[in-house]
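The chains referred to below are lettered A, B, ... by the order of the sequence lines, with proteins before strands, and numbering in each begins at 1.
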Protein chains: 2
Amino acid sequence: MDKLTLKQKRILDFIEKHRVENTYPPTLKEIGDNFGITIGTVQDHIYALQKKGHLERKKDIARGFRVIKSQEEEFFDKNKTDTELIPLYGNVAAGEPIFANDNIQGYITMEKNSKGHNIRFALRIKGDSMIDSGIYDGDIVIVRKQDTAEDGEIVIALLDDEATVKTLRNKNIKAYLEASNSKYKSIINKPFQIIGKVIELRRDYNVI
Amino acid sequence: MDKLTLKQKRILDFIEKHRVENTYPPTLKEIGDNFGITIGTVQDHIYALQKKGHLERKKDIARGFRVIKSQEEEFFDKNKTDTELIPLYGNVAAGEPIFANDNIQGYITMEKNSKGHNIRFALRIKGDSMIDSGIYDGDIVIVRKQDTAEDGEIVIALLDDEATVKTLRNKNIKAYLEASNSKYKSIINKPFQIIGKVIELRRDYNVI
DNA sequence: AGTTTATCCATAGATTAATATGGCATAATA
DNA sequence: TATTATGCCATATTAATCTATGGATAAACT
């Protein structure tokens with residue numbers, strides 16, 4: 001990858017920019033028109049770009065360019081691709097399905113999970129029952145779907161057909177759920193089902 | 001966006017796949033060759049795809065296709081491209097520079113900011129002085145660099161050469177910083193400099 | 001000094017690629 | 001049933017695009 005002259009760099013950038021914007025690379029003429037030079041001159045530049053290893057080209061193929069990216073650029077692209085969007089669900093009233101499509105309030109960008117495809121989703125917290133654990137009304141919790149959890153972990157549980165955020169206590173003896181706010185009483189010995197475990201919390205401060 | 005027939009869908013997919021793999025879309029002939037049909041037939045399919053709103057095409061332009069993506073697909077693409085990594089700094093002792101390269105603990109994936117290039121960084125919280133605001137030891141705050149802030153906003157301030165997280169109070173009269181924990185006393189009438197404003201909080205729950 | 005590199009131009013093919021037409025058969029739809 | 005959409009072919013024409021050549025100047029390099 002020899003170093004490029006300013007002109008060569010500009011032409012290379014134009015080819016890539018054109019490709020991104022139009023979905024196809026430019027022709028020799030289009031390049032020439034953009035820089036106010038003739039096709040013959042463009043040929044010279046293309047030849048130089050190829051020789052220096054910054055551009056590949058298919059013979060006799062219209063618009064047959066491929067811009068070769070540097071390692072840095074590849075890296076930058078790579079970390080751009082290793083993210084995914086997970087759905088953000090609003091809080092649901094008792095009896096209503098949580099994972100309904102029309103309950104999706106938006107999407108949260110997250111890094112892709114390396115190991116396996118464990119399914120995650122986000123849930124907006126309603127109420128202050130977890131305030132003593134530093135989870136406030138309006139916060140968003142990222143949840144990993146699973147049906148078991150350890151003592152002390154914060155879980156999303158289905159209780160009386162309603163999804164709630166609680167701390168799991170004494171799982172193996174008589175499991176109950178603890179609301180992290182002293183004014184709420186904890187739920188003991190009620191049947192519940194664990195939907196997932198809270199793995200992250202996000203709070204947006206209103207920013208204009 | 002009318003519904004496509006199987007054949008039409010396959011041709012559309014081929015165009016997009018070809019574009020991604022080669023950096024440029026195929027010609028009519030290349031499409032025909034791939035499916036074992038003639039150019040005339042391809043023209044028919046292209047016409048149908050255009051009429052149904054799945055494909056755009058520039059007249060008289062070689063390989064001048066643009067595949068129109070559904071909202072879902074746009075979404076999927078968006079998360080691939082519109083993110084960036086922001087540096088996560090550890091807490092620093094008094095006098096040491098915060099933004100030193102060897103103070104970078106990692107990187108946080110975030111959605112790119114649409115408006116302008118305001119610079120953001122992340123900081124890991126040390127101590128419990130902001131616990132009453134639900135910011136705990138070990139939490140990560142996302143900070144937008146700026147040197148002013150409004151009353152009540154949580155800011156990163158440089159105070160006695162140390163970066164601290166505080167709530168800003170009475171900015172215009174006698175500004176002081178408030179620690180959100182009753183056992184800490186607020187800092188009044190000391191000179192300080194605002195580095196940035198907290199725009200988001202993230203907390204990771206230890207997950208194996 | 002001689003050679004290569006980088007920029008330019010002009011022009012004449014040769015080939016690729018798009019467009020225009022017309023025709024045919026079958027399935028879906030009004 | 002009449003009409004439209006789908007899926008296919010063949011061929012001629014026009015336009016786009018690439019390739020090849022030759023020439024020129026100035027700067028950088030050997």
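Both tests pass for B:Arg203 against the ring of B:Tyr136: distance under 6.0 Å to the centre and angle within 45° of the axis.
Listed nucleotides C:dA18, D:dT17, D:dC18 differ in distance to B:Arg57; the shortest reach to its side chain belongs to C:dA18. For B:Thr38, taking side-chain heavy atoms from C-beta onward, the closest of the listed nucleotides D:dC9, C:dT21, D:dT17 is D:dC9. Taking every side-chain heavy atom of B:Asp60 into account, C:dA18 is the closest of D:dC18, D:dA10, C:dA18. Looking at the side chain of A:Lys59, the nearest of the listed nucleotides C:dT21, D:dT19, D:dA5 is D:dT19.
Separating the OH atom of A:Tyr47 from the C1' atom of C:dT4 is a distance of 11 Å, rounded to the nearest angstrom. Between the CG atom of B:Asp44 and the C1' atom of C:dG23 there is a distance of 12 Å, given to the nearest Å. Here the P atom of nucleotide D:dC8 and the CD1 atom of B:Ile37 are 5 Å apart, to the nearest Å. Here the P atom of nucleotide C:dA17 and the CZ atom of B:Phe65 are 11 Å apart, to the nearest Å. Spacing between atom CD1 of B:Ile39 and atom P of D:dA10 amounts to 11 Å, rounded to whole angstrom units. Distance B:Gln8 CD to D:dG7 C1': 10 Å, rounded to the nearest Å. Atom NZ of B:Lys7 is separated from atom C1' of C:dA27 by 16 Å (rounded to the nearest Å). Rounded to a whole Å, the NZ atom of B:Lys29 is 14 Å from the P atom of D:dC9.
Note on A:Thr5: only backbone sugar-phosphate atoms sit closer than 4.0 angstrom, heavy atoms only; bases stay farther off. Residue A:Thr27 is classed as a sugar-phosphate contact, given heavy-atom separations below 4.0 Å to backbone atoms only.
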Which pairs of donor and acceptor atoms, one on a side chain in residues 30-38 of chain B, lie under 3.5 Å apart (sequence neighbours left out)?
residue, atom, partner, partner atom, Å
B:Glu30, OE1, B:Thr27, N, 2.9
B:Glu30, OE1, B:Arg63, NH1, 2.8
B:Glu30, OE2, B:Arg63, NH2, 3.3
B:Asp33, OD2, B:Lys29, NZ, 3.0
B:Thr38, OG1, B:Thr41, OG1, 3.3

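A donor-acceptor contact under 3.5 angstrom links the side chains of B:Arg124 and B:Gln105, judged on distance only.
DNA chain D is contacted by both B:Lys52 and B:Thr41; B:Lys52 maps to the nucleotide lying nearer its 5′ end (nearest heavy atom per residue). The residue among B:Lys3 and B:Gly36 whose nearest nucleotide of DNA chain D lies closer to the 5′ end is B:Lys3.
Exactly one residue among B:Lys3, B:Lys52, B:His45 makes a side-chain hydrogen bond (donor to acceptor under 3.5 Å, both in side chains) with B:Gln8. That residue is B:Lys52.
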Practice prompt. List the steps and the verdict of side chain to side chain donor-acceptor pair (under 3.5 Å) for B:Glu111 and B:Thr83.
Written response: CA-CA 4 Å; B:Glu111 278 181 46; B:Thr83 60; over 6 Å; no
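Under 4.0 angstrom from either OP1 or OP2 of D:dA5 there lies at least one side-chain N or O belonging to B:Lys51.
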